[in-house]
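Being a predicted model, the structure only gives us computed values, none of them experimental. Residue numbers begin at 1 in each chain, while the letters A, B, ... track the order of the sequences.
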Amino acid sequence: MLVTVIGVSFLTFCLTYLAPGDPALMLLEAGDTIVSQETIEKTRKEMGLDKPFLVQYGNWVAGAVQGDMGMSYSAKKPVTEKLAEGFAGTLLLAGVTVVLILLISIPLGIFSAVHQNKLADYLVRIFSFIGVSMPSFWIGLILLYIFGLKLGLFPIASASVTAKGIVLPAVTLAIYQSAKYTRQVRTVILEELHQDYVTGARARGLSEGTILWKHVLPNAVLPLITLLGMSVGWLLGGVAVIEMVFSWPGIGNMAVRAITMRDYPLIEGFVLWISIVYMLINFAVDISYSYLDPKLRKGVRA
Amino acid sequence: MRFFRVKKLFKAMAVGVCGILAAGIIAGCGSDSSSEGVNNGVLKVGVTNFADTLEPTQNFFGWVVMRYGLGECLTKFDAKMNIQPWLAESWSISDDHLTWTFKIREGVKFSNGNPLTAEGVKASIERAFAKNNRAATFFEYESITAEGQNLIIRTKKPLPNMPGYLADPLFIIVDTKAEAEGRDFSKEGPICTGPYMVKSFVKEKSVMERNPNYWDGEVPFETVEIPSIDDPNTRAMSLQSGEVDVAVNIAAGDIDLFKNNDRFDLDEISSLRVVVARINQKGLLGDAKVRAAFIQGCDRETYNNVLLKGTFLPGSAPIPPSLDYGFDQLKDPNSYNPDNAKKLLDEAGWKDTDGDGIRDKDGRPLRVEFIVYNGRAELPLYAEAVQADMKKIGIDVVIKNVDYNLLDQIGIKGEYDLLISNITTANTGDPEIFLNWYWRTNVNGDNPQNGSGYSNPELDAVFARLATEFDKEQRRQLIIQAQQIIMNDGAALFLGYPVTNIISSKALKGVHMFPSDYYWITHEIAPAK
């Protein structure tokens with residue numbers, strides 16, 4: 001885990017360092033004004049950008065180990081503070097979205113698998129296909145237009161974390177994600193339904209309901225949890241487009257800006273955050289495996 | 001009954017989802033449409049905010065401090081970019097042109113009640129110099145002293161535009177005493193003299209409240225809420241729905257919704273920017289006739305009025321019409337004339353001998369490289385339009401897209417035939433720096449931004465006079481003269497000038513867009529009644 005964190009941070013540092021562009025210049029010329037070379041040099045020196053690459057990375061690591069992620073160049077604020085600002089919004093949005101995804105996609109996926117190749121199945125598949133194909137910012141704007149502007153039910157740009165404000169961004173994300181997830185649920189369930197043990201259970205005269213709930217679902221849960229873990233990781237990284245369309249304060253937009261401004265410390269902090277999130281989620285998924293799958297549990301004991 | 005339980009579950013889930021939506025809809029019904037807000041002392045302004053804190057000396061955050069009606073400077077720019085008194089009542093310059101005396105307005109108080117003194121102004125300006133390297137790019141001083149209500153600035157060189165420099169938001173006057181007493185400007189917001197003061201601030205949303213000690217008349221609103229709405233479509237929708245009363249910079253595609261509308265007022269003005277393609281004289285475009293032909297072949301009226309839907313004004317001169325530098329009296333020798341362009345190219349010896357539609361001479365095609373970047377949506381559009389027009393007169397334009405970060409070096413090294421940029425011509429009210437930067441002769445790298453090889457002794461002479469001329473009208477004439485020389489030489493292709501706008505509900509009055517883009521929320525914005 002430590003190796004991964006070091007590797008990721010080093011790679012990010014290399015990439016941002018190699019990318020063309022100079023944070024000092026970006027800062028000074030952000031207002032499209034003209035600045036002299038001396039001023040740029042002076043600013044570079046103050047930011048420590050005149051030092052060799054490895055020294056810069058070394059300084060950053062030395063700070064990060066002690067919990068000091070440095071100061072963001074563009075915000076002139078500690079990176080941890082900057083990340084914390086967007087964190088509440090991102091976490092809440094991710095949480096609500098995941099609940100919506102589960103509520104929509106699991107019933108629809110099972111329903112469509114059980115009714116395979118019937119009208120209902122086709123309908124679900126068509127809708128999920130449309131959902132996956134539509135760009136999410138566009139769905140977002142349409143929802144804003146209908147529910148925000150025409151019906152006036154939800155705020156269009158609350159620009160803060162509010163209960164009313166979360167509905168549209170969460171629904172937009174859920175439409176896109178659950179369209180994807182519904183298809184995955186359907187595939188997994190179908191796969192299980194074609195297993196020998198299902199045929200066996202039917203031969204023993206168990207009802208379809210029992211087969212589905214007692215036998216198929218527990219087996220299908222494992223691959224679905226892995227996929228859900230990926231979605232959660234993606235959501236916790238912040239979804240810049242959605243945050244922008246709905247003026248939702250989150251870390252995605254912040255990350256995009258950090259990259260355009262060549263704000264190295266902030267990019268590093270963000271990447272570190274994402275890698276830790278993914279590792280924790282993978283860890284949680286692994287643990288849930290051994291909890292949910294008796295086979296694995298026994299394997300661990302043996 | 002095979003799938004009875006599945007169906008039941010499905011139904012339960014469906015009911016659940018409907019329930020959530022219904023709850024949301026009921027909760028949503030309380031949403032307010034707010035021209036009542038305006039009459040209840042609340043103003044809501046939709047903006048895009050780039051500032052992470054309201055510390056005026058950090059990066060360009062001072063712009064936001066000024067736009068939000070918090071901070072004020074000694075001087076300000078009017079609608080024609082002329083310099084007007086603000087916290088300084090008047091000013092004068094000594095006969096040796098090295099000592100400026102600014103008389104600080106009597107009776108002005110900071111929002112915390114502390115009086116504004118020359119001593120305080122001195123401390124505030126010194127603070128800006130200590131905290132931001134950009135301050136020294138405006139001017140360098142030998143000494144600043146306070147005598148009563150007079151602030152005296154001595155400089156090493158004569159600086160004709162000193163009052164203009166002090167209008168930059170970097171020099172917003174803050175109460176350094178409050179800072180010394182422990183207020184953290186970057187966390188709690190600065191103490192300034194503007195009509196409003198900070199109640200709460202995060203990047204996404206700020207709330208301002210009335211400054212009870214404001215010096216320049218009554219402050220109309222108790223509270224000003226300023227959400228940052230970065231997506232232009234969303235910004236337009238929140239204005240339409242009444243969620244905000246004022247919105248800044250509505251996009252081209254949405255602006256028709258608000259034009260000639262009985263609910264909204266639109267104020268548009270060309271900003272201080274120009275979209276210019278610098279022309280390198282070390283390549284094929286070094287031939288004056290080819291250069292003139294190139295510029296004459298570009299139908300700038302169509303680019304700006306049709307392609308960009310009037311969000312840009314057609315370009316011809318270096319300085320946009322929003323500034324009072326003779327835009328209407330300047331003569332463009334290279335206005336759109338494709339037939340003449342073809343004739344000029346023939347005269348210069350470029351003919352299409354191999355029939356491929358591109359002119360050639362001595363076996364070499366007439367091909368030029370046009371460097372653009374994607375950071376601004378209009379730039380690639382301009383480049384493609386120029387490319388299409390040039391094809392008609394037999395010039396092959398190759399468009400090369402680069403990262404914005406590389407632009408500066410490409411310009412300095414002169415590695416282009418044409419190089420586009422969208423640049424501010426006069427953020428201090430005076431375009432001297434901008435004109436010098438691109439077109440004064442570069443002798444052994446003493447003017448690095450002029451990497452084009454352009455040099456005209458006549459123009460250099462005008463610049464030399466400009467550097468020491470203090471008379472306002474004389475300066476204006478010199479700048480007009482300089483522009484005419486640049487245009488006559490075909491030294492650059494001026495494509496257009498961006499138009500900025502501010503749109504407001506008819507429930508308000510006094511909402512204006514200024515060319516300098518520093519003044520959005522002012523004490524003049526009030527309910528129309």
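Chosen from Thr53(B), Asn133(B), Asn132(B), the residue pairing most often with chain A at heavy-atom distances under 4.5 Å is Asn133(B). In terms of non-hydrogen atom pairs under 4.5 Å with chain A, the most contact-rich of Asp230(B), Thr425(B), Asp517(B) is Asp230(B). With chain A as the partner, the residue from Glu55(B), Gln58(B), Arg235(B) showing the most heavy-atom pairs under 4.5 Å is Gln58(B).
Residue Lys82(A) touches chain B through its side chain alone, counting heavy-atom pairs closer than 4.5 Å. With a 4.5 angstrom heavy-atom cutoff, Ser238(B) touches chain A via backbone and side-chain atoms both. Of the atoms belonging to Phe50(B), heavy atoms from both backbone and side chain fall under 4.5 Å from chain A. For Phe137(A), no part lies near chain B; criterion is any non-hydrogen pair under 4.5 Å.
Annotation: the span from Asn233(B) atom CG to Ile156(A) atom CD1 amounts to 11.5 Å, rounded to 0.5 Å. With rounding to the nearest 0.5 angstrom, the CG atom of Asp231(B) is 10.0 Å from the CG atom of Asn253(A). Note that the CD atom of Glu81(A) and the NZ atom of Lys187(B) stand 5.0 Å from one another [nearest 0.5 Å]. To the nearest 0.5 Å, the span separating CZ on Arg257(A) from CG on Asp52(B) amounts to 5.5 Å.
In this structure, the side chain of Glu204(B) does not engage the main chain of Pro249(A) through any donor-acceptor pair within 3.5 Å. A donor-acceptor pair under 3.5 Å is formed between the side chain of Thr234(B) and the backbone N or O of Val245(A). Not one N or O on the side chain of Glu243(B) forms a donor-acceptor pair closer than 3.5 Å with the backbone of Pro155(A).
Residues Leu141(A) and Met237(B) are in side-chain contact: their nearest non-hydrogen atoms beyond the backbone lie under 4.5 Å apart. You'll find the side chain of Val202(B) stays beyond 4.5 Å of the side chain of Glu85(A), heavy atoms only.
Around the CD atom of Gln116(A), the shell of radius 6.0 Å holds more than 12 heavy atoms that belong to other residues, nucleotides or ligands.
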